[in-house]
Amino acid sequence: MTTTPESQTGTSSSRPSSTPVHAFTGIGDHNQLNPLFARVGESTDFPLNTLPPGETLPETAYQVVHDESMLDGNARLNLATFVGTWMDDYATKLYAESLDKNMIDKDEYPQTAAIETRCWKMLAGLWNAPDPENALGTSTIGSSEACMLGGLSLKRRWQKARRAEGKPTDKPNLILSSAVQVCWEKFCNYWDVEARYVPISLEHKVLDGHDLENYVDENTIGVVGIMGVTYTGMYEPIAEISAALDRIQEKSGWDVKIHVDGASGGMIAPFLQPELHWDFRVDRVVSISTSAHKYGLVYPGLGWVIWRTAADLDPDLVFDVTYLGGHMPTFALNFSRPGAQVLLQYYLFLRLGWDGYYRVQKACQDVALYLSGEIAKIDAFELWNDGGDIPVFAWQLRKGYTDKWNLYHLSERLRLKGWLIPAYPMPDDLAGLVVQRIVVRNGLSRNLAESLVLDIRDAVEYLDRLEAPMPTEGLVSTFTH
Ligand SMILES: Cc1ncc(COP(=O)(O)O)c(C=O)c1O
């Protein structure tokens, strides 16, 4: 064996021209000659922003990528994200078996396509569609795409009605809470729709139908109701929003529909608040979206959107493709995307059923209520909500408690212990108010939550003991949607 460590990176810049690229043949030899972490590429460096000129041994490349990803936060201690970070071993096995499936290749993967249909029909039933067989749905890459499709459908419905009446269609608007997730701002920006934000306030912590008549007009394509506001986790009362729209219709004749953004709550409310009317039981709700990768409990990369009936989605938006000898309607922004997550969703539907989902979501909520209860006991804090809707809650620093530190400092202190708990300002009219939020997901056990409470108490005691105020320069919001 004549190889040198340099030759094993395969990079033309480091390889002596006399050494053949394939001189190295055996991993055993290679390990002898090149101890891990002492190889070129690891003991030196890779170019960061330019494509390396040559090849690298897979073990070396793997180790470098693996090591860099270690610098990311610990997923289980990430209480900032709503997105799933844990699935069981069978799901992981299934995932590995189906990594290569492309959701758009419905003729190549007809069974995955059939399973996708089964999944959205199950959801249509869960969300009380009048006839789940006559609903229409699709998987998406997440809630953002699902919301865009819901919004596009509202816009097209409004345009058609206006054109039929010979009226202009150049000024569509959409009514949203000011605490809406950024995907709706994107929707309005990308598809030229005016976003009309109803500001949340201390009196109206969510969009609740109050003052709606001052926002809705003949150009309103719809109202978005959020089940699980991103900032705080609170539900918007869909039935009350609908009742306000009924009153507006009585006066004006405008029949304004609702899209429910159930990114998180769409997979919580059916289990924890089954009596709450937020879904297709409310007649004005024409479409509902959710993130399967949030409380649907699937790894990142899956969402769902469902229309009450096939007639609620304009057929012009649907591309009809013929597979399986039949017709397969598709409505999506993406073409290729992973199919594995759809199988994971189906696995969970079979594995957990209603009872299993109930148990998982209830366990999360118990932990959220425990945590919010403990945080409420700490003098420094005031709760914004308690996690009784989705298992997410936010709190603020009690007015006048201290001028030495704020919630950004607390967030930083907790990060030293590995906890990722963001602090951020509330939207618009409440932008002066900074809150901190915890998202409880499957995997944050009661035991871990108790450790968290101790760490929060320790951090507060440390900050309270400071003799001078913490510097505030350069503090940034660590808010993640
Ligand atoms: C209410 C709401 N809508 C939409 C989204 C976007 O979801 P996704 O990340 O699945 O695109 C989020 C994400 O947190 C959300 O909270």
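Every number for a ligand or one of its atoms is a count from 1 in the order of the listing.
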Taking 4.0 angstrom as the limit and counting only heavy atoms of [X], give me the atoms of ligand 1 inside it, by number and element.
{"X": "S291", "value": "7 (O), 8 (P), 10 (O)"}
{"X": "I226", "value": "1 (C)"}
{"X": "T230", "value": "1 (C), 2 (C), 14 (O), 15 (C), 16 (O)"}
{"X": "C183", "value": "4 (C)"}
{"X": "G142", "value": "10 (O)"}
{"X": "A263", "value": "1 (C), 2 (C), 3 (N), 4 (C), 12 (C), 15 (C)"}
{"X": "D261", "value": "1 (C), 2 (C), 3 (N), 4 (C)"}

**Inter- and intrachain pairs under salt bridge (Lys or Arg N to Asp or Glu O under 4.0 Å), touching residues 442-459, at least two apart** = K417-D455, R446-E450
**Asked** Taking the non-hydrogen atoms of H293, is any one of them nearer than 4.0 angstrom to ligand 1?
**Response** yes
**Request:** Using a strict cut-off of less than 4.0 Å between a Lys/Arg side-chain nitrogen and an Asp/Glu carboxylate oxygen, indicate whether D312 and K257 qualify as a salt bridge.
**Result:** no
**Request:** Please name all residues satisfying salt bridge (charged side-chain N to carboxylate O under 4.0 Å, His left out) with R76, sequence neighbours left out, ordered by chain then number.
**Result:** none
**Item:** Side-chain touch L174/W158, heavy atoms, less than 4.5 angstrom
**Value:** no
**Message:** Could you check whether any side-chain heavy atom of P172 comes within less than 4.5 Å of a side-chain heavy atom of I221, counting everything from C-beta outward?
**Reply:** yes
**CG-NZ distance between N189 and K186, expressed to the nearest 0.5 angstrom** = 10.0 Å
**Message:** Between Y347 and Y90 (judged by ring centroids, cut-off 6.0 Å), do the two rings come close enough to count as a pair?
**Reply:** no
**Request:** Compute the shortest N/O to N/O distance between K294 and ligand 1 and return yes if it is under 3.5 Å, no if not.
**Result:** yes
**Message:** Side chain or backbone, does S264 bring an N or O within less than 3.5 Å of an N or O on ligand 1?
**Reply:** no
